[in-house]
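I have placed the structure first, in the form of structure tokens, so that the comments after it can refer back to it.
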Amino acid sequence: MKRLFIAIAFEPSEKFPEQYAQLRRCTCKLDRVNWVKGDLMHLTLKFLGDTEESRIPDLCHLLEAVAAHHRAFSITLDRIGAFGSRYQPRVVWLGLSETSQPLLRLQHEVEMQLRENGFPPTYGKFVSHLTLARINFIDNKKYFWEGIDSCNSLFDETFSVKGFALYESILQKGCPPKYLVLRQFDLFPDAEL
């Protein structure tokens, strides 16, 4: 069994590391926050979880067909959000303030093709995002949210989505996960990008 997911790799701008560092300063020493390393950031299209290795060739064939139906496109990540409540946030993320129809169409086709081929459906609304931090505990929520809100205008990350990949997630106790690209799927090039 392999723990799999399908995602778009994030291509940060040169200014992103400093902006991200400024965002990280919104926490204090008493907080327990796991900030995601930049090279692990991605936009998940579908999480598959534990999958039998024998299914990977068919899965790749399906994803290849999906990629052939979509042109490359650009998206802009410019909104900080959180999963959970403001009182008890669980995840801080960077997402899109405006809906990207090409991204929604791509995610929908991935979801439908996999569902039709026996993979479990994903429930809930798709929220395209980069996970920035996983939160275990925030000591001073007022200070934390004031800092997060003040950083919202910092981010304006536009990048080209030229494809997506099938990843294996390898969990290691006490360490960040390791993501291995099993196969890359290129979208049809768009002359405007």
Side-chain angles (χ1 to χ4, degrees), residues 1-12 16-17 20-21 23-64 66-67 75 77 80-85 88-96 103 106-107 110-115 117-139 144 148 155 157 159 161-186:
M1 299 286 265
K2 290 185 182 283
R3 190 170 190 261
L4 304 180
F5 65 94
I6 300 157
I8 297 166
F10 174 53
E11 298 176 19
F16 181 80
Y20 189 43
L23 180 69
R24 290 177 67 152
R25 290 191 283 272
C26 296
T27 56
C28 68
K29 291 181 181 177
L30 296 175
D31 297 337
R32 290 195 311 270
V33 178
N34 296 322
W35 293 94
V36 176
K37 290 172 49 178
D39 61 340
L40 296 177
M41 291 181 185
H42 58 271
L43 283 94
T44 301
L45 296 172
K46 174 127 177 109
F47 179 75
L48 299 170
D50 290 335
T51 306
E52 293 177 22
E53 285 188 62
S54 61
R55 296 192 79 181
I56 293 175
D58 288 340
L59 179 58
C60 288
H61 182 70
L62 289 170
L63 294 174
E64 196 172 80
V66 169
I75 58 173
L77 302 172
I80 299 173
F83 294 131
S85 66
Q88 196 163 9
R90 293 176 287 118
V91 170
V92 174
W93 49 260
L94 180 63
L96 293 76
L103 178 60
L106 176 61
Q107 187 278 332
V110 167
E111 177 70 34
M112 297 317 307
Q113 286 296 322
L114 296 182
R115 187 182 298 189
N117 286 276
F119 287 89
T122 302
Y123 295 103
K125 182 181 176 193
F126 172 66
V127 178
S128 53
H129 67 281
L130 294 178
T131 297
L132 300 176
R134 290 178 179 82
I135 299 170
N136 295 313
F137 174 77
I138 297 293
D139 180 59
F144 173 75
I148 294 290
F155 296 95
E157 288 291 310
F159 68 100
V161 177
K162 298 175 184 168
F164 59 92
L166 175 63
Y167 289 87
E168 178 183 3
S169 172
I170 300 171
L171 302 178
Q172 307 167 83
K173 191 170 185 175
C175 297
K178 197 175 186 179
Y179 300 146
L180 299 177
V181 174
L182 299 182
R183 175 107 179 259
Q184 178 71 34
F185 304 93
D186 295 330

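Below, all heavy atoms of this structure are taken into account, side chains as well, without hydrogens, waters or symmetry copies. Start at 1 with the first residue, then count along the sequence.
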Measuring only between side-chain heavy atoms, which start at C-beta, is V33 closer than 4.5 Å to N136? no

List the steps and the verdict of side-chain contact (heavy atoms from CB on, under 4.5 Å) for L130 and F155. CA-CA 12 Å; L130 294 178; F155 296 95; over 6 Å; no

Just verifying a value: how many Å separate I80 CD1 and L23 CG, rounded to the nearest 0.5 Å? 5.0 Å

Are the side chains of L114 and I6 in contact, using a 4.5 Å heavy-atom criterion? yes

What heavy-atom pair brings R3 and L171 nearest, and what distance separates the two atoms? NH1-CD2, 3.6 Å

Can you tell me how far apart CG (L132) and CH2 (W35) are? Round to the nearest 0.5 Å. 6.5 Å

By side-chain hydrogen bond (donor to acceptor under 3.5 Å, both in side chains), Q88 pairs with (sequence neighbours left out) none

Do T44 and H42 come within less than 4.5 Å of each other through their side chains, counting heavy atoms only? yes

Atom CG of L59 and atom CG of N117: how far apart are they, to the nearest 0.5 Å? 9.0 Å

Atom CD in E168, atom OG1 in T51: separation rounded to 0.5 Å? 10.0 Å

With a 3.5 Å distance limit and no angle check, can you tell me whether D58 reaches the backbone of R55 through a side-chain donor-acceptor pair? no

CZ on F185 to CG on L166, rounded to 0.5 Å: 5.5 Å

Show your working on side-chain contact (heavy atoms from CB on, under 4.5 Å) between F119 and L4 and close with a plain yes or no. CA-CA 12 Å; F119 287 89; L4 304 180; over 6 Å; no

Check against side-chain contact (heavy atoms from CB on, under 4.5 Å), I135 and V91: CA-CA 6 Å; I135 299 170; V91 170; over 6 Å; no

F5 and F47 aromatic ring geometry - parallel, tilted or perpendicular at 30°/60° bounds: parallel

Where do W93 and T131 come nearest, in terms of heavy atoms and distance? CB-CA, 4.4 Å

CZ of R183: more than 12 outside heavy atoms within 6.0 angstrom? yes

If we ignore hydrogens and angles and just use 3.5 Å, is the side chain of Q184 paired with the main-chain N or O of F164 as donor and acceptor? yes

Hey, is CD on E52 packed in by over 12 heavy atoms from elsewhere, all under 6.0 Å? no

Which heavy-atom pair separates C26 from I148 by the least distance, and what is that distance? SG-N, 3.5 Å

Looking at residues at least two apart in the chain, or sitting in another chain, which of them share a side-chain hydrogen bond (donor to acceptor under 3.5 Å, both in side chains) with R32? none

Value rounded to 0.5 Å, distance of CZ in R90 from OG in S85: 9.0 Å

So L48 and K2, do their side chains get closer than 4.5 Å, heavy atoms only? no

Would a distance-only check, ignoring hydrogens and angles, find a side-chain to backbone donor-acceptor pair under 3.5 Å from D31 to D139? yes

Note: E157 and E11 closest approach over all heavy atoms is OE1-O, 4.5 Å

Once salt bridge (charged side-chain N to carboxylate O under 4.0 Å, His left out) is applied, what residue pairs with a partner in residues 34-49 remain, sequence neighbours excluded? K46-E111

Give me the atom names and distance for the closest heavy-atom approach of F159 to A9. CE1-O, 3.6 Å

Quick one: does NZ or CZ of R24 land under 6.0 Å from the six-membered ring centre of Y20, within 45 degrees of the ring axis? yes

Please assess L40 against Y179 for the test side-chain contact (heavy atoms from CB on, under 4.5 Å), listing each intermediate value before the final yes or no. CA-CA 7 Å; L40 296 177; Y179 300 146; 3.7 Å; yes

Note: V92 and F144 closest approach over all heavy atoms is CG2-CZ, 3.9 Å

